[in-house]
Amino acid sequence: MDEKFDAIVIGAGPSGNAAAYTMAKAGLKVLQIERGEYPGSKNVQGAILYSKALEEIIPDFRDDAPLERHLIEQQMWVLDDESYIGTTFRSAEFNQQPYNRYTIIRAQFDKWFSKRVQAAGALLVCETTVSNLIMDGKRVIGVQTDREGGAVYADIVVLADGVNSLLAKKAGFHAELEPKDVALAVKEIHFLPEETIQSRFNIGEGEGVVIEMAGKITQGMMGTGFLYTNKDSLTIGVGCMLSDFKQQKITPYMLLEQMKAHPAIKPLLAGGEMKEYTAHLIPEGGYKAMPQLYGEGWMIVGDAGMFVNAVHREGSNLAMTTGRYAAETVIALKEKQLPMTAANLAIYQGRLEDSFVMKDMKKYKNMPEIFHNNNHFFTTYPELLNRAAHTMLTVDGVDKKTKEREIRKSFKQRRSLFGLMGDAYKMWRAFE
Amino acid sequence: MNTEKIPVKVEEKLFQNRYRVDAGRPHISIINQDTCRVECTTQECTVCCPAGCYTTEGNGQVVLITDGCLECGTCRIICSTYRNVDWEYPRGGYGILFKFG
Ligand SMILES: Cc1cc2nc3c(=O)[nH]c(=O)nc-3n(C[C@H](O)[C@H](O)[C@H](O)COP(=O)(O)OP(=O)(O)OC[C@H]3O[C@@H](n4cnc5c(N)ncnc54)[C@H](O)[C@@H]3O)c2cc1C
Ligand code: SF4
Ligand code: SF4
């Protein structure tokens with residue numbers, strides 16, 4: 001493999017696939033390297049696919065992509081130990097084509113995406129780990145792989161290697177991640193007959209439901225749980241900040257097991273057969289934790305660049321969009337026969353700044369700190385809300401006005417009025 | 001409800017997964033055993049690894065067996081005080097092999 005390519009893409013997740021596809025389609029000579037046996041074999045996601053980002057790359061993806069169910073309903077639960085209080089949003093509009101959101105199974109989805117990438121003309125090499133970037137001074141000129149004679153060269157190297165992004169660290173592009181900048185998610189997939197899922201969740205064929213959960217299931221840690229319906233399986237998982245796991249010394253699989261035993265969750269899983277247990281990090285440090293995204297001969301896309309909107313659970317769409325922007329940057333420079341210098345690659349940053357990607361990253365830049373400093377959101381409030389609902393809904397001869405007074409009192413006892421208002425203000429500022 | 005701990009065997013979970021173990025070539029190692037045993041009083045790796053790869057012996061010694069590793073990166077990042085984990089990906093094609101992900 002002593003050839004030279006126009007571009008090398010490291011990784012075949014959504015960001016790498018988007019980048020490789022876009023460049024190959026424009027006629028560039030692209031090499032994509034993936035360490036897994038097949039694309040997707042190392043990758044984990046909830047998973048919701050947002051159509052828009054993929055549509056812009058592969059408009060006809062619905063024809064043959066492995067899509068599980070399109071989402072027609074979103075539930076948000078706030079749980080205490082015994083109960084949950086929640087909202088449900090279901091709309092007939094979500095049942096009109098083209099559908100906006102789907103559940104997917106990542107191993108299958110990545111494999112499909114990769115077939116499209118290869119059909120577009122990119123060369124994919126699997127079962128190959130890139131061990132280092134090859135540098136000429138400050139410039140990246142190629143990659144070293146763990147294959148024999150495994151050096152390959154290119155004008156540009158796109159780092160699409162996911163959250164751990166060891167390569168950028170080894171090259172000194174950025175420092176090691178801090179526990180406060182990543183969430184650890186653990187999840188399981190449980191198989192059930194299609195009809196059982198449909199009757200259990202009150203949905204028709206092809207229709208799906210998402211349940212997002214917050215509250216005592218995370219045992220005081222900043223994080224959320226989730227349950228997604230696939231065609232004939234359910235995905236159940238929970239993710240919390242690694243700094244909280246570290247501080248509170250909680251074992252992730254025990255957390256998941258406790259959550260699965262919650263009286264509101266257990267019946268939804270009943271009778272299912274668990275077929276896989278996975279764990280993965282999510283880069284949730286937000287805008288303030290983002291690394292430098294380009295340099296001499298290199299660019300970073302997707303999770304490796306901290307492109308995740310934790311509040312809206314967006315990641316794969318940002319991965320695909322940043323992969324596409326990086327690719328379009330390379331294509332534009334190639335057309336003008338310009339070198340892949342940092343100065344020229346700054347177009348990539350510009351594209352990001354002008355788009356929803358950076359606008360959203362900036363909008364939520366204070367979110368991580370607000371949650372880090374206020375664990376009431378995950379402990380006290382869920383309990384208070386559930387207690388309040390319980391008090392109001394229990395018919396026991398106490399008049400409603402007295403009940404309201406009791407609820408107000410319990411809120412104030414647990415958290416001063418000032419604290420409550422402060423939290424509300426901070427939340428509002430962060431979302432504003 | 002269940003405030004008491006539900007007993008969980010992580011081995012039973014990992015049993016559902018597919019692996020291609022690179023026998024004799026662990027991809028993660030502890031840099032300095034003495035740091036774990038003597039200096040690190042918290043030993044978060046032994047609690048927070050989602051695959052239970054790290055265990056602590058009676059004398060404070062930490063033992064790492066990477067066969068069930070999910071390649072998440074937690075142990076490397078969580079050891080932020082001592083940076084005592086040498087963490088690489090397995091060789092291409094080895095390690096965890098997600099069927100669903
Ligand atoms: C539990 C969970 C739930 C999520 N839910 C959602 C959701 O509902 N919706 C959503 O949009 N996002 C979600 N996300 C986020 C989403 O999964 C990520 O943002 C997305 O996968 C990032 O894509 P990526 O291509 O940047 O990285 P990855 O998908 O991680 O791909 C990186 C690829 O690079 C390869 N690689 C790494 N290093 C090397 C190397 N040295 N040599 C060769 N190959 C290498 C890896 O094997 C992998 O294939 C979720 C994440 C998790 C963990
Ligand atoms: S956290 Fe680090 S230093 Fe502490 S026991 Fe684990 S590996 Fe050793
Ligand atoms: S990478 Fe994750 S699963 Fe593997 S040993 Fe470290 S913490 Fe455990």
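From a predicted model like this one, the values you see are computed outputs, not experimental measurements.
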Step by step, would you call A:Arg69 with A:Thr103 a side chain to side chain donor-acceptor pair (under 3.5 Å)? CA-CA 5 Å; A:Arg69 290 173 181 274; A:Thr103 46; 6.0 Å; no
With only heavy atoms counted, which part of A:Lys216 is less than 4.5 Å from chain B, the side chain, the backbone, both or neither? neither
So for atom NZ, which belongs to A:Lys266, do other residues, nucleotides or ligands contribute more than 12 heavy atoms lying within a distance under 6.0 Å? no
Could you walk me through whether A:Ser15 and A:Asp303 pass the side chain to side chain donor-acceptor pair (under 3.5 Å) test, one step at a time? CA-CA 8 Å; A:Ser15 66; A:Asp303 273 11; over 6 Å; no
Show your working on side chain to side chain donor-acceptor pair (under 3.5 Å) between A:Asp244 and A:Gln219 and close with a plain yes or no. CA-CA 10 Å; A:Asp244 287 351; A:Gln219 302 182 8; over 6 Å; no
Give me the ring orientation class for A:Trp112 and A:Phe109: parallel if the planes are under 30° apart, tilted from 30 to 60°, perpendicular past 60°. tilted
Verify the distance criterion only: is there a donor paired with an acceptor across the side chains of B:Asn84 and B:Asn32 at less than 3.5 Å? no
What part of A:Lys111 is in contact with chain B, defined as an atom under 4.5 angstrom from a non-hydrogen atom: side chain, backbone, both or neither? neither
Over 60° means perpendicular and under 30° means parallel, so classify the ring planes of B:Phe100 and A:Phe191, tilted if in between. tilted
What option among A:Thr251, A:Leu256, A:Asn164 has the most heavy-atom pairs under 4.5 Å with chain B? A:Asn164
With the threshold set at 4.0 Å, does a side-chain nitrogen-carboxylate oxygen contact exist between A:Glu68 and A:Lys231? no
Carboxylate-amine/guanidinium contact A:Glu178 B:Arg83, below 4.0 Å: yes
Selection from A:Val186, A:Leu255, A:Ile250 maximising heavy-atom pairs under 4.5 Å formed with chain B: A:Ile250
Does any backbone or side-chain atom of A:Val182 lie under 4.5 Å from a heavy atom of chain B? Answer side chain, backbone, both or neither. side chain
Any idea which of A:Lys170, A:Gln247, A:His280 has the most non-hydrogen atom pairs under 4.5 angstrom with chain B? A:Lys170
Bottom line for A:Glu188: the part with an atom under 4.5 Å from chain B's heavy atoms is side chain
Side chain, backbone, both or neither of B:Cys45 within contact of chain A (heavy atoms, under 4.5 Å): neither
What part of B:Thr42 gets within 4.5 angstrom of chain A, counting heavy atoms only: side chain, backbone, both, or neither? both
Against chain B, label A:Lys180 side chain, backbone, both or neither, depending on which of its atoms sit under 4.5 Å from a heavy atom there. neither
For B:Tyr94, is it the side chain, the backbone, both, or neither that has a heavy atom closer than 4.5 Å to a heavy atom of chain A? backbone
I need the residue from A:Leu166, A:Ile189, A:Leu177 with the largest number of non-hydrogen atom pairs under 4.5 Å to chain B. A:Leu166
Heaviest contributor of heavy-atom pairs below 4.5 Å to chain A, chosen from B:Arg18, B:Gln43, B:Arg91, is B:Arg91
